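Read through the structure below, which is laid out as structure tokens, and then see the notes.
Below, read A as the first sequence line, B as the second, and so on, with proteins coming before strands; counting in each chain starts at 1. Note that this is a predicted model, so its numbers are computed, not measured.
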2 protein chains.
Amino acid sequence: MTEGRRERADAVRNRRAILLATEELLAHHRPEKISMEQVAAAAGVGKGTVFHRFGNRMGLMRALMEERAYALREAVTDGPPPLGPDACPRERLLAFLDAAVDVIARNKGLLAALGHAVTTSQQPPDERPGTHPVHAFWHAHISTLIAAQRPDLDAELLAHLLLGGLQSDAVLRLLERGESARLAASLRTLVTAALDAPPAADPEAGAGA
Amino acid sequence: MTEGRRERADAVRNRRAILLATEELLAHHRPEKISMEQVAAAAGVGKGTVFHRFGNRMGLMRALMEERAYALREAVTDGPPPLGPDACPRERLLAFLDAAVDVIARNKGLLAALGHAVTTSQQPPDERPGTHPVHAFWHAHISTLIAAQRPDLDAELLAHLLLGGLQSDAVLRLLERGESARLAASLRTLVTAALDAPPAADPEAGAGA
DNA sequence: ACGCTAAGTGGACTGCCGGTCAGGTTGCCG
DNA sequence: CGGCAACCTGACCGGCAGTCCACTTAGCGT
């Protein structure tokens, strides 16, 4: 962000060092036993610096996740089909889910740490800590694509269900065993089935409020 | 459990007091900021007692969850249709998912605390901390029922996806706003669609290993 | 080149928590 | 009633999130 006030060079350097150190730690240790002090030490900076730059554990993990998911976001908003806006919704959805599985598979440790961090640090009650930007964007995208094809379904809720399933502990563990292809295939099956299902025969069906 | 070794009366009393106090705390405070010390104090026992009876935070939450899910388990293994073993798999599955949504909706705080606890306390590496009995049973049941009707699907993975979705933060938050009927309806739609989908036209499809 | 200033930094400090343990207490059986 | 083992307790330990303020230093104006 090129604002009027430029960021000092050492600040930039330290931010990168901290992010880098966090990645390194995440790659070699269980995410829940990584302390902010360890991160600071590994990055070669003081603990205060880490907190100064990222606020708390969740801020740190969130920053890292945003960086990791940046490429996918770009591909979705500006890229070529099948991910980009020029493909038909159905193809976009399936392609996006594949890509999301990929991102998740390559960042399982981070995801676990983030899920943990979301509930670890308590915010003032008027803040919504659970909605980190990546999740929000993914949900909005999935939800929109589902709604585009099946306005009769509760797209928002289905998107939550799908996304939630992807981030669950059990699935993360599956991914750790290298089953990402299996996951992607089943996800495809599930979503395809939902999109192709007959339009809700029972009377009380329909999209939510 | 009528074993040969009987439990001392005060031990039983304390166990109940602790569980009760935990429920009380869970009802009035954010689950992640309930400490074991608070539980002990609220139950009127020493901190050591809590750890003695339940091992750690996860043990406590797990015990509580098992108690809460006991009725559903009974209904599934011994009860009448549509939950019990005398109903057809499809009906059982849909009924079970409805019931599970209900249990989850009535225990969202506990679920959140449990999910949090799973990652909070680290076990020795040879223990599998993530698989608490309730989740294992639910997964096995869903998985079996899906497999019974659609042997061509990857029932185990689909069960993980479904169950994971139900426990996700976003869905828990939805439930907090009283949207459990909406959730149950969409879940039904999704599962019905999966069960009724045409049997995987593409060549590489099929159940996983 | 140089000094000024505010952004940036570090690490000691506070408060709290999970988990342990040695010693005192108490239900229960014979 | 006496003895034993199960049980309870709360002080204690190691460690961590997050705060705070004195100190450093990059970048700019002159």
Side-chain angles (χ1 to χ4, degrees), chain A residues 1-19 21-22 25 29-63 113-114 116-124 127 129, chain B residues 1-19 21-22 25 29-63 113-114 116-124 127 129:
Chain A
M1 323 316 185
T2 45
E3 291 159 27
R5 200 94 206 104
R6 264 163 48 197
E7 204 174 17
R8 260 167 58 167
D10 55 344
V12 176
R13 217 180 322 123
N14 278 338
R15 168 189 248 109
R16 303 227 53 146
I18 292 168
L19 254 11
T22 308
L25 271 299
H29 303 277
R30 308 286 288 159
E32 60 271 12
K33 63 169 319 201
I34 297 175
S35 73
M36 299 298 266
E37 269 173 314
Q38 278 175 60
V39 170
V45 303
K47 181 158 74 148
T49 303
V50 178
F51 281 95
H52 180 68
R53 307 302 299 173
F54 297 101
N56 55 27
R57 179 198 212 75
M58 200 192 98
L60 174 59
M61 297 303 174
R62 194 165 67 178
L114 217 171
H116 182 230
V118 165
T119 52
T120 292
S121 42
Q122 65 275 22
Q123 245 68 32
E127 282 215 16
Chain B
M1 325 297 187
T2 44
E3 291 161 25
R5 201 103 205 92
R6 70 264 126 168
E7 208 174 14
R8 258 169 58 169
D10 56 343
V12 174
R13 216 181 323 121
N14 279 338
R15 167 189 249 108
R16 301 226 55 146
I18 293 169
L19 255 8
T22 308
L25 272 297
H29 303 277
R30 309 287 290 161
E32 62 272 12
K33 63 170 320 205
I34 297 175
S35 71
M36 299 298 267
E37 268 173 314
Q38 279 175 61
V39 170
V45 303
K47 179 158 75 149
T49 304
V50 178
F51 283 96
H52 180 68
R53 309 301 300 173
F54 297 101
N56 56 27
R57 180 197 212 75
M58 199 193 101
L60 174 59
M61 297 304 175
R62 195 167 64 179
L114 217 171
H116 182 230
V118 165
T119 52
T120 293
S121 41
Q122 66 276 21
Q123 246 66 33
E127 282 213 16

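Atoms CD (A/Glu32) and C1' (D/dG15) sit 16 Å apart, rounded to a whole Å. Remark: P of C/dG19 and CG of B/Asn56 are 5 Å apart, rounded to the nearest angstrom. Rounded to an integer number of Å, the gap from A/Lys33 NZ to C/dG19 C1' is 14 Å. Rounded to whole Å, the distance from CZ on B/Phe51 to C1' on D/dC7 is 17 Å. In this structure, A/Ile34 atom CD1 and D/dA17 atom C1' are separated by 15 Å, rounded to whole Å. Atoms CE (A/Met36) and P (C/dC17) sit 19 Å apart, rounded to a whole Å. Going from atom NZ of B/Lys47 over to atom C1' of D/dG10 covers 9 Å, rounded to whole Å.
Side-chain contact check for A/Leu60 versus A/Met36: some heavy-atom pair is nearer than 4.5 Å.
Contact annotation: B/Thr49 reaches the phosphate of D/dT9 (side-chain N/O to OP1 or OP2, under 4.0 Å). Taking side-chain N and O atoms only, A/Asn14 has a distance below 4.0 Å to OP1 or OP2 of C/dT9. At the phosphate of C/dG18, OP1 or OP2 sits under 4.0 Å from a side-chain N or O atom of B/Arg57.
Mapping B/His52 and B/Glu37 onto DNA chain D by nearest heavy atom places B/His52 closer to the 5' end of the strand. Across the interface with DNA chain C, nearest-nucleotide mapping of A/Asp10 and B/Gln38 shows A/Asp10 to be the residue nearer the 5′ end.
With sequence neighbours excluded, no residue satisfies salt bridge (Lys or Arg N to Asp or Glu O under 4.0 Å) with A/Arg13.
In terms of heavy-atom proximity, B/Ala21 sits nearest to B/Val39 at CB-O, 4.0 Å. Across all their heavy atoms, B/Lys33 and B/Gln38 have their closest contact at O-NE2, 3.1 Å.
If you check C/dT9, C/dG19, D/dC7 against the side chain of B/Ala11, the one that comes closest is D/dC7. For B/Ala9, counting side-chain heavy atoms from C-beta on, the closest listed nucleotide (D/dA17, C/dG27, D/dC8) is C/dG27. Side-chain atoms of B/Arg8 lie closest to C/dG27 of the nucleotides C/dG27, C/dG8, C/dG18. Distance from the side chain of B/Arg53 is smallest to D/dC8 among C/dG18, D/dA17, D/dC8.
Looking at heavy-atom distances under 4.0 Å, B/Ser35 makes contact with sugar-phosphate atoms alone, never a base. Among the protein residues, A/Arg13 comes within range of no part of the nucleic acid, since none of its heavy atoms lies under 4.0 Å from any strand.
Ion pair A/Arg16/A/Glu7 not flagged as a salt bridge, since none of the NZ, NE, NH1 or NH2 atoms sits closer than 4.0 Å to an Asp/Glu carboxylate oxygen.
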